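Below is one structure, written out as C-alpha cells; comments come after it.
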Amino acid sequence: MLPRTFALVLLLTAPLSAQLSQDIERRITGLIARMTLEEKLGQMSQSTAMQIPISASIKEEIRRGRWGSFLNAGGPADRAEAQRIAMEESRLHIPLVFGRDVIHGFRTVFPIPLGEAASWDPDLIGQATRTAAREATSEGIHWAFAPMLDIARDPRWGRISEGASEDPWLAAAIGTAVVHGFQGNSLAAPDSMAACAKHFAGYGAAEAGRDYNSTWIPESLLREVYLPPFLAAKEAGVASFMTAFNALNGVPSTGNAFLLRKILRDEWKFDGVVVSDYTAIEELIQHGFAADSADAARKALNAGVGMEMVSTDWFDHLPRLLRDGQVDMKTIDEAVRTILRLKFRLGLFDHRPQPVGEAQITAEAKETAKRLAAESIVLLKNGNGLLPLSRSISRVAVIGPLADSAMDQMGAWAMDGRPADVQSSLAALQQKLGPDHVLYVPALKNSRDTDHAGFAAAEDAARRADVVLLFLGEEQILSGEARSRAFLGLPGAQAELVQAVAKAGKPMVGIVFAGRPLTFHDTAAALGSVLYAWHPGTMGGPAIADLLFGDSVPSGKLPITFPRTVGQIPLYYAHLNTGRPPSLTDLGIPLGNPVNPTGYTSKYLDVDFTPEYPFGFGLSYADFAISNLRLSTSRLLPGQRLTVTADIENRSKIAADEVAQFYIHQRTATVSRPVRELRGFQRVHLGPGEKKTVTFSLTPSGLLLEGGPVDVWVAPDSATGVSARLLIDPRR
Ligand code: GLC
C-alpha cells in the first residue's frame, strides 16, 4: 500500500501533471504549425560537429535551425553560446538538447557497467548515477546515452562491458535504477537529465561475438530475454531509446518497424524520442536494406526513428521524398513532436540554466565510487584463507602494469574521467602500507606486451616480499565498442609472468582488471586468491587495497557466466535442460567399448561442460549458510501469491554482506523453461553470528507460470542453494 501522504500527493498532483502535459502538447502543436520543413528536419538532426571554440559556421547553422541537438560536442562555454544563439537568434527560439555518453560516471568514474552489475546493488548504482547526473548537468549536458541494456551471453563481444548482466531480471532492476538516477523526480530539475535505453534491440546477440554482427532471435526469446530490461526502462519513465546497429532477423534495428512501432509505440505506448545510433541510418545501405541514402532516409523514418545521429540523410533527402509522396508530413510531425516534448519536459523552453562551470569531484562522490567499486569486486578464489592479508606484512611485491594505469582503471566510455583524479592500486597500497613496504615492478609495458625482459625484476621483487600482488587482465583499449576478441585468455605474456613469479614460492594474489569474463584457469591455479575487479573506476585503487587488507569484505557476485574456454560459448545459467543433460560423471572420453552406453549426453569430450565460475557466484571472507527454506503453500491456486522465506546466517566473526538470490524452475511447460530463472535478489548485511530471514514472493500470472511442479531456490549463486518444490494448481 502506498503511504497515505504519498497517495494524497499523487491525488493532488495527478490532475496537475495531466494539465501540464496538455499545455505542453498544445504548445508543441502551435510550434509545429509555424515550423518550416527545414526547421522540422533540423530538429530531427543531431550533430557531433561542434568544435571548441564553436565555429562561425556552426553558429550560423544554429541560427538557421539546422540542428536540434549536439552529441559529445563542445565544452560548457560552447554549449552555452550555442544555446544562447538558438534561443535568442533563431526564428522560433527552439532550444538545443545536448547529449553525451555518460555511461558509468562523468568526472567521477564508477566501475564499468558490468562491474556495477556485479554489486547486485541497484540502490547504490542509482546513487552513483545521480552523482553522474549532477556532474554532467553542471557542465550543461541534458541527455545521457545510458543505460545500455543489451543482454549478452558472449564474452567475445567487447560491449559486454557496458551491459547490465546476462540476466533480464537483474538487468531490469539495474536499468530502472539508472533511469531514476539520471532523471530524478523531475526531468526539468537543473540536476536531472534524460536517460536513453539502448540499443534497441538484440545487439548483444551479435553472432560469434563480433560487434555489429547479425542477430537471429526468435520472437519468443526476444520477448523473454532481450526486451524485458527495455520494458522495465520504459516503465521507469525513460525519456528516450536508441536504435541498435545490428540487423534483427535480417531487418536492421534502425529500419525495423516491428521493434520501433509495433513493440515500442503500439504495445508499450512509449511517447519519447527514438534516436538512431551513430550514422546507423546511412548504414542501412551497407546492410543491404536500403538502395541509397534517400531510401535509407525513407525506411528509417517510416520504421519509427525520430532523430538522426550524425548522418544527414533526412535533411538531404526527405524534402524530395515528401514531394514524391514517399513519406508524409504526419510522420515527420510525429518525430518532431517527440523531440519538442523532450525539450519541454527538460525545461529547456523555460530557459533551463546552461552552466559554464566545470564539474567538481566531491568527497561524497569519491566515497560512492569507492563503495561501488568495493561492492563490484568479486572474490573468485581464496585458497587457505590467504585474504585478507595481515597488516603485519612487512613487504608486498606489486607486479603488473595495470597496478598503476589510470586510463585502464577507468575502463571504456570514460571520456570525462581525468587520470589525475584516479587513485591507482599502487598509490593506495603505498598509502596504506607506506612506500617502503611496497616493491613495484610493472614487468610488462602493457597488458599486450609479450616481452619477458621485465620478468627477472619481477621474480627478484617476489623473492624479497612476503606476498605478491599480481595485477593482471585487459587494458581499457581491449574492451568496449568494436573491441571483440576471439580468445579470452590473459593478453600478452601475463600468464607466463605469473608462472615465472611463482618460482619465488611466495603467496600470490591475482587482481584482474577486465571488461569481460576471461579464461585463466591455469593462472588461477597458481594464485592463492583471485579478486576480479573489472575496470573499477576513479576509486578502484583504494577499494582494492581495502579488500586486500580486510578493511572491507568482498560481496560482489558474477553478473555473467565465466566459461572455462571460449569453445563453450554461448554459456549461460538460464539454459534449457535438453533431452540428454550431461552429468558430472560424464566427463572425459568414454574409452573402451565403442558402443559404450554411457556418455551420450550434451557435453564435450575435451573440457568440463560446467562454467569456470557460475552466474551469481562470489566468495566472502565471512562464512554464510542459507537454511530453513519455507513456502507459504505447497499448492498455489490461481491468483494466489507465493511467499518464500529462508534464513541466512553469518557463521564468522566479521560483519559482511551476502546477496541472496531467488530462482525458479517450471519443470514442465508448453515451451521448455530454463533450469533456473532469477526472480529476485536481496543484498543482506549480517553482523558476526547474525541470522536474518529473507522473503521473496511470486504470483503465477506475473511470471506466466503454467500449472505443474515448480522448483524454487534461495541461493548464493545459480549453481547451489536450498530448494523446495511446489505445485501450481492447473485449475484456471
Ligand atoms: C556509439 C555507440 C552508442 C553511443 C553513440 C554516441 O557508436 O553505439 O552506444 O551512445 O555511438 O557516441
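Owing to the predicted nature of the structure, the values given are computational and were not obtained by experimental measurement. When a ligand or atom number is given, it counts from 1 through the structure's own listing order.
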Open item on the list: Within the 4.0 Å heavy-atom shell around Asn72, which atoms of ligand 1 are there?
Closed with: 12 (O)
Open item on the list: When you compare the side chains of Glu475 and Ser447, does any donor N or O come within less than 3.5 Å of an acceptor on the partner?
Closed with: yes
Open item on the list: Test of understanding: given a 4.0 Å heavy-atom threshold, classify the contact between Glu481 and ligand 1 as side chain, backbone, both, or neither.
Closed with: side chain
- [ ] State whether the shortest distance between N or O atoms of Tyr278 and N or O atoms of ligand 1 falls below 3.5 angstrom.
- [x] no
Open item on the list: Check for me whether the distance between the ring centres of Phe615 and Trp169 falls short of 6.0 Å.
Closed with: no
Task: Best match, Thr48, Asp101, Asp150: closest heavy atom to atom 6 (C) of ligand 1 - done: Asp101
Task: Cationic N near anionic O, under 4.0 Å, Lys198 to Asp101 - done: yes
Task: Within 45° cone of Phe315 ring axis and under 6.0 Å: Arg66 NZ or CZ - done: yes
Task: Per-atom contacts, ligand 1 versus Asp277 - under 4.0 Å to a heavy atom - done: 1 (C), 2 (C), 3 (C), 5 (C), 7 (O), 8 (O), 11 (O)
Task: Test item: Gln286 and Tyr212 side chains (from C-beta on) under 4.5 Å apart, heavy atoms - done: no
Open item on the list: Please list, in number order, the atoms of ligand 1 under 4.0 Å from a heavy atom of Phe145.
Closed with: 10 (O)
Task: Salt bridge Glu334-Arg265, side-chain N to carboxylate O under 4.0 Å - done: no
- [ ] Please check if any side-chain donor atom of Ser240 sits under 3.5 Å from a side-chain acceptor atom of Trp143, or the reverse.
- [x] yes
Task: ligand 1 contact on Arg159 by region, counting heavy-atom pairs under 4.0 Å - done: side chain
TODO: Would you check whether Glu162 has a nitrogen or oxygen atom less than 3.5 angstrom from a nitrogen or oxygen atom of ligand 1?
DONE: no
TODO: Using a strict 4.0 Å cut-off to heavy atoms of Lys198, name the atoms of ligand 1 that fall inside it.
DONE: 3 (C), 4 (C), 9 (O), 10 (O)
